[in-house]
Number of protein chains: 2
Amino acid sequence: MIEAVAEQTTKDRIVEACLETLKEEGFAGTSARAIARRGGFNQALIFYHFGTLNDLLLAALDRTSERRLSAYRAALAAAESVEEKVASATRLYRDDLASGHVTVVSEMIAGSLSRPDLGPEVVARMDPWIDFVEESVREPLDRAGLSSVLPPRTAAFMVVSLTLGVNLLWHLERDQTKAEALFEAAGRIARMLAPAFGGSDG
Amino acid sequence: MIEAVAEQTTKDRIVEACLETLKEEGFAGTSARAIARRGGFNQALIFYHFGTLNDLLLAALDRTSERRLSAYRAALAAAESVEEKVASATRLYRDDLASGHVTVVSEMIAGSLSRPDLGPEVVARMDPWIDFVEESVREPLDRAGLSSVLPPRTAAFMVVSLTLGVNLLWHLERDQTKAEALFEAAGRIARMLAPAFGGSDG
DNA sequence: GTCTATACTTGGATAGAC
DNA sequence: GTCTATCCAAGTATAGAC
């Protein structure tokens with residue numbers, strides 16, 4: 001972990017090329033050969049540095065997941081009301097859909113459905129996201145007196161599932177209008193419910 | 001379409017074997033060889049009867065989709081209140097998760113992410129489901145005065161996305177508790193909102 | 001319509017020179 | 001650490017006998 005500042009190592013370049021390939025060509029298109037082609041390095045390097053393609057895929061998932069999760073954490077921490085939280089989360093997610101960051105997560109989840117050895121590893125990497133959403137919704141739900149009818153953990157699972165589903169359909173259709181309609185509805189609902197959630201500090 | 005009553009044609013057997021394979025081995029495990037092995041027929045028959053594997057996959061998707069959609073339609077038509085509708089839909093979906101029927105849909109959607117030629121075809125087959133959900137939620141939303149904040153079409157897209165996401169996570173985790181928690185919350189929410197949706201006839 | 005045999009392709013992974 | 005060359009497995013699809 002001393003390489004922090006220095007220029008990119010080969011290992012880094014491989015991870016980045018893997019992410020690019022996942023975004024551009026999808027999970028099934030992300031073969032060792034395709035990654036090497038895109039990154040402009042030799043295919044054998046992947047196996048030298050990561051052992052197997054699965055391990056590279058997981059390393060890439062880790063990297064993008066950490067990166068994005070901390071962006072979401074920062075944005076929600078800065079938001080001062082439920083409305084603002086919904087607004088920032090929407091903004092971030094919209095960017096992710098367009099730029100393909102969270103997309104990588106969806107591709108990996110969808111893809112790992114069919115690889116028994118990858119599935120459990122990918123699932124484990126969802127937990128931080130569910131935890132994060134849970135933390136974010138606990139207080140608002142409590143204030144609105146909804147925790148008993150909709151426990152924060154369940155709500156978090158719901159949000160993550162929905163996010164995942166929207167992402168998949170987005171990629172199949174490449175039709176922004178449906179997702180946009182969802183974002184707009186989320187904003188209206190947040191504004192409608194704002195009083196119930198209480199507005200004093202958070 | 002005259003074969004309605006007679007015993008199964010080979011084509012039928014192939015479609016059924018394809019569905020079985022999708023359920024048992026997932027999308028990536030559903031190769032022509034695997035289907036033939038499971039169905040106990042020769043691999044070449046698939047190509048004789050369907051031309052390509054993609055066409056067989058779509059035929060299988062059509063069959064299960066029609067079958068299940070009509071089951072949902074019938075169940076919801078029989079239900080007499082919003083609570084009952086939520087209860088029947090939950091019951092059906094729970095069965096689907098366990099038996100793997102709607103699962104096939106999820107597998108196909110996730111899998112077709114990576115096959116450019118399959119994606120659009122699969123998407124087209126989602127529309128009847130979105131239409132169905134839209135019809136189902138329109139009246140309750142109208143009555144509750146929520147249609148302007150959450151249009152029926154958007155709500156339908158949301159429900160379908162959520163369903164899809166839950167299905168994917170279910171398959172990765174094989175952990176019923178999370179999905180069950182969601183079902184229970186749905187029931188509580190339905191009961192809570194029942195008065196707002198009006199109780200006279202439907 | 002159904003079978004065997006096989007052509008062809010792609011992809012993961014490794015050996016071994018440098 | 002990086003390269004070339006290659007092995008091997010699995011898959012789609014087709015040819016051609018029956």
Side-chain angles (χ1 to χ4, degrees), chain A residues 2-3 6-18 20-22 24-61 107-108 110-119 121-122, chain B residues 2-3 6-18 20-22 24-61 107-108 110-119 121-122:
Chain A
I2 315 181
E3 28 83 22
E7 62 266 31
Q8 263 191 333
T9 65
T10 299
K11 235 183 140 163
D12 272 327
R13 285 181 55 213
I14 296 177
V15 170
E16 293 299 332
C18 180
E20 276 301 299
T21 313
L22 276 169
E24 301 292 326
E25 315 203 28
F27 182 83
T30 305
S31 64
R33 285 164 158 86
I35 297 167
R37 203 180 311 129
R38 188 168 292 267
F41 48 77
N42 193 282
Q43 190 228 132
L45 285 178
I46 289 174
F47 300 97
Y48 175 79
H49 286 285
F50 293 91
T52 69
L53 182 59
N54 274 0
D55 288 337
L56 167 56
L57 287 167
L58 289 173
L61 179 56
E107 289 279 346
M108 287 288 294
S112 65
L113 260 186
S114 40
R115 294 207 203 162
D117 43 336
L118 212 50
E121 297 287 342
V122 171
Chain B
I2 315 183
E3 31 81 21
E7 63 266 31
Q8 264 192 333
T9 65
T10 300
K11 235 181 139 165
D12 272 326
R13 284 181 56 212
I14 296 176
V15 170
E16 293 300 332
C18 179
E20 276 302 300
T21 312
L22 276 169
E24 301 291 328
E25 315 204 27
F27 182 83
T30 306
S31 65
R33 283 164 156 85
I35 297 167
R37 203 180 312 128
R38 189 168 291 269
F41 47 79
N42 194 283
Q43 189 228 134
L45 286 178
I46 289 173
F47 300 97
Y48 174 78
H49 285 286
F50 292 91
T52 71
L53 182 60
N54 273 359
D55 287 338
L56 167 56
L57 287 167
L58 290 172
L61 179 56
E107 289 280 345
M108 287 287 296
S112 64
L113 261 186
S114 40
R115 296 207 202 161
D117 42 337
L118 213 49
E121 297 287 341
V122 171

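Lettering follows sequence order; numbering is per chain, from 1. The structure displayed is predicted, hence computed values, not measured ones. Note that these values count all heavy atoms, side chains included, but never hydrogens, waters or copies made by symmetry.
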> Which atom pair, heavy atoms only, marks the closest approach of B/G29 to B/T21?
Replying inline: O-CG2, 4.0 Å
> Taking for each residue the nucleotide of DNA chain D bearing the nearest heavy atom, is the 5' side occupied by A/Y48 or by A/Q43?
Replying inline: A/Y48
Close N or O pairs between protein and nucleotides 8-11 of chain D (under 3.5 Å):
unit_1: D/dG11; atom_1: N7; unit_2: B/R33; atom_2: NH1; d: 3.3
unit_1: D/dG11; atom_1: N7; unit_2: B/R33; atom_2: NH2; d: 3.4

>> If I take atom CZ in residue A/R13 and atom P in nucleotide D/dT2, what distance separates them, rounded to the nearest angstrom?
In response: 8 Å
>> Could you report the tightest heavy-atom contact between A/I46 and A/F41, atom names first, then the distance?
In response: CG1-CE1, 4.0 Å
> For A/L45 and C/dA15, what is the distance between atoms CG and C1' respectively, to the nearest whole Å?
Replying inline: 15 Å
> Checking side chain to side chain contact (heavy atoms under 4.5 Å, CB included) for the pair B/I35/B/L22: CA distance, chi angles, key distance, verdict?
Replying inline: CA-CA 9 Å; B/I35 297 167; B/L22 276 169; over 6 Å; no
> Whole Å only: how far is the CD1 atom of A/I35 from the P atom of C/dA13?
Replying inline: 11 Å
> Of all the choices, D/dG1, C/dC3, D/dC3, which nucleotide is nearest to the side chain of B/A44 once you look at every atom?
Replying inline: C/dC3
> Expressed in angstrom and rounded to an integer, what is the separation of A/F47 atom CZ from D/dA5 atom P?
Replying inline: 18 Å
> Heavy atoms, side chains only, cut-off 4.5 Å: are B/T52 and B/L57 in contact?
Replying inline: no
> How many Å lie between CG on A/N54 and C1' on C/dG11, as a whole number?
Replying inline: 13 Å
> Of all heavy-atom pairs between B/E107 and B/F27, which one has the smallest distance, and what is that distance?
Replying inline: OE1-N, 2.8 Å
> Whole Å only: how far is the CG atom of B/N42 from the C1' atom of D/dA13?
Replying inline: 13 Å
> What's the CD1-C1' distance between B/I14 and C/dT2, to the nearest Å?
Replying inline: 10 Å
>> What is the distance, to the nearest angstrom, from the CD1 atom on A/I46 to the P atom on D/dT2?
In response: 12 Å
> When you check the phosphate oxygens OP1 and OP2 of C/dT2, does a side-chain N or O of B/T10 lie under 4.0 Å from one of them?
Replying inline: yes
> Nearest heavy-atom pair of A/A110 and B/L113: which atoms, and what distance?
Replying inline: CB-CD1, 3.7 Å
>> Just to verify, what does B/E16 make a salt bridge (charged side-chain N to carboxylate O under 4.0 Å, His left out) with, not counting sequence neighbours?
In response: B/R63, B/R67
